[in-house]
Amino acid sequence: MIVVATADFEVYHGVVNELRDRGTQFTTVEPDEELPEQTTVVVTGADHADDFETVTTVVADPDHPRRAVDQALTAVRGNGGRTVIGVDPGRKPGVAVLAGEMVVAAFQVPLSDAVDVIQREADEATAPVVRIGDGSRLESAKLVNDLEDVTVELVDETGTTPYLGTGSRGMGDVLAAVNIARLEGEVVDSRDIEPTAGELQVIKDRSREQSEENRAIDEVLARRVAAGELTIDEALSEHRTDDGDTSTDDGDTSTGDTSTNDTSTGDATAQRSDSDADRE
């Protein structure tokens, strides 16, 4: 059983609310009281970190109560403290954080935010491993290549997307991430992908959808997006800049042509004046 024993109001309030939100059984005591016989883990503040020598102790940061509760639940279930983060890649990856067999957190965020979310969860965990599905090749490659200082496994995600019944729309990516987290994969440091013509076309189509001018980026920019060098918004910005330079050049050429026409007109006028003088 988890016991919360702290005189720090912020720690108490944060940890107790987190435990209640998860429906976890726990009890609370004063730090100087005797612990119940069923105590497995004590969650306390920094001021009482050394007061409980006979049981596993988790010292909670008042600003991060969820981290302390995750550690306490991991200790209660005796899974060695290992955290596994499963990721179902895509435009909005599903992310599931497991402590042993228990899902302790889940997210679905835009691809541009996914690395920060995964990195934060990994940094707060003990001996974490990140397992990323091998589908959505370009998106999974970006995640693998951008994560730092964490073990990453590439997992065969075949069959990890569950059937979704009525009312469960939008849960598929997160549930797939849970299944991916439970499968062992191949440890990788990077993933190099040569985008196919179809994948490049998808990027161009997305750029057209996001463009205010309903214009798609070219293949060179699409390849840079595929490689993770640019976001689609950044590629669109470069595309507009290039187009602006071209239109300026055309304007200069047009002005020069007008000047030449003016000179020709002047010459013709002068010739007509000379002819009139001859007739006189």
Side-chain angles (χ1 to χ4, degrees), residues 80-99 103-161 172-207 210 216-239:
R82 191 185 195 196
T83 295
V84 179
I85 303 170
V87 184
D88 182 33
R91 294 176 66 179
K92 293 186 68 175
V95 180
V97 184
L98 276 65
V103 179
V104 296
F107 311 88
Q108 186 166 24
V109 295
L111 181 63
S112 58
D113 299 331
V115 169
D116 289 341
V117 170
I118 298 166
Q119 198 78 59
R120 182 191 68 217
E121 295 299 315
D123 291 344
E124 295 178 357
T126 302
V129 59
V130 178
R131 291 175 174 165
I132 300 175
D134 62 355
S136 299
R137 303 183 328 138
L138 299 181
E139 289 84 355
S140 67
K142 175 176 174 55
L143 295 173
V144 169
N145 294 336
D146 288 355
L147 286 169
E148 299 178 352
D149 302 322
V150 63
T151 300
V152 177
E153 294 180 5
L154 196 62
V155 174
D156 179 359
E157 65 175 55
T158 304
T160 56
T161 301
D173 295 332
V174 172
L175 293 176
V178 174
N179 290 333
I180 288 169
R182 290 176 171 151
L183 298 173
E184 291 189 6
E186 178 185 355
V187 176
V188 292
D189 295 322
S190 62
R191 189 181 192 195
D192 295 326
I193 294 294
E194 177 63 26
T196 65
E199 288 168 335
L200 292 173
Q201 187 59 51
V202 168
I203 293 173
K204 293 178 185 179
D205 291 343
R206 289 179 187 170
S207 71
Q210 293 180 215
I217 59 176
D218 58 31
E219 183 168 328
V220 173
L221 289 172
R223 285 185 175 278
R224 294 181 64 189
V225 172
E229 298 176 10
L230 297 173
T231 65
I232 287 181
D233 284 339
E234 290 169 342
L236 282 169
S237 179
E238 287 202 17
H239 186 62

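In what follows, every heavy atom counts, from backbone to side chain, and hydrogens, waters and symmetry copies are set aside. Computed from a prediction, not measured in an experiment: that's the story for all the values here. Numbering starts at 1 and runs along the sequence shown.
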Please tabulate, for side-chain N and O atoms in residues 181-188, each donor-acceptor pair with protein atoms closer than 3.5 Å (sequence neighbours left out).
from	atom 1	to	atom 2	distance (Å)
Arg182	NE	Glu101	OE1	3.3
Arg182	NH2	Glu101	O	3.0

Between Asp156 and Thr158, is any side-chain donor less than 3.5 angstrom from a side-chain acceptor?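 Yes, a side-chain donor-acceptor pair sits under 3.5 Å.
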Find the distance between [atom1] ([X]) and [atom2] ([Y]) and round it off to the nearest 0.5 Å.
| X | Y | atom1 | atom2 | result |
| --- | --- | --- | --- | --- |
| Gln119 | Ile85 | CD | CD1 | 8.5 Å |
| Arg91 | Ile232 | CZ | CD1 | 7.0 Å |
| Asp173 | Asp88 | CG | CG | 5.0 Å |
| Glu199 | Glu139 | CD | CD | 8.0 Å |
| Thr83 | Glu121 | OG1 | CD | 9.0 Å |
| Leu147 | Asp116 | CG | CG | 10.0 Å |

For [X] against [Y], the heavy-atom pair lying closest together:
| X | Y | result |
| --- | --- | --- |
| Ala114 | Leu143 | CB-CD2, 3.9 Å |
| Leu221 | His239 | CD1-CB, 3.8 Å |
| Val225 | Ala235 | CG2-CB, 3.7 Å |
| Phe107 | Val174 | O-CG2, 3.6 Å |
| Ala99 | Val104 | CB-CG1, 3.8 Å |

Verify side-chain contact (heavy atoms from CB on, under 4.5 Å) between Val115 and Lys142, making sure each step is shown before the conclusion. CA-CA 9 Å; Val115 169; Lys142 175 176 174 55; 5.6 Å; no
Output yes when a side-chain donor or acceptor of Asn179 lies under 3.5 Å from a complementary backbone atom of Thr161, and no otherwise. no
Is there a donor-acceptor pair under 3.5 Å between the side chain of Ser136 and the backbone N or O of Pro89? yes
Answer yes when Glu194 and Arg223 have at least one side-chain N-carboxylate O distance shorter than 4.0 Å, and no when they do not. yes
Which donor-acceptor pairs under 3.5 Å do the side chains of residues 200-207 make with protein atoms, sequence neighbours left out?
from	atom 1	to	atom 2	distance (Å)
Gln201	NE2	Asp205	OD1	3.0
Ser207	OG	Lys204	O	2.6
Ser207	OG	Ile217	N	3.1

Residue from Val152, Ile118, Val144 passing side-chain contact (heavy atoms from CB on, under 4.5 Å) with Val87: Ile118
Taking side chain as C-beta onward, heavy atoms only, is Pro128 less than 4.5 Å from Thr151? no
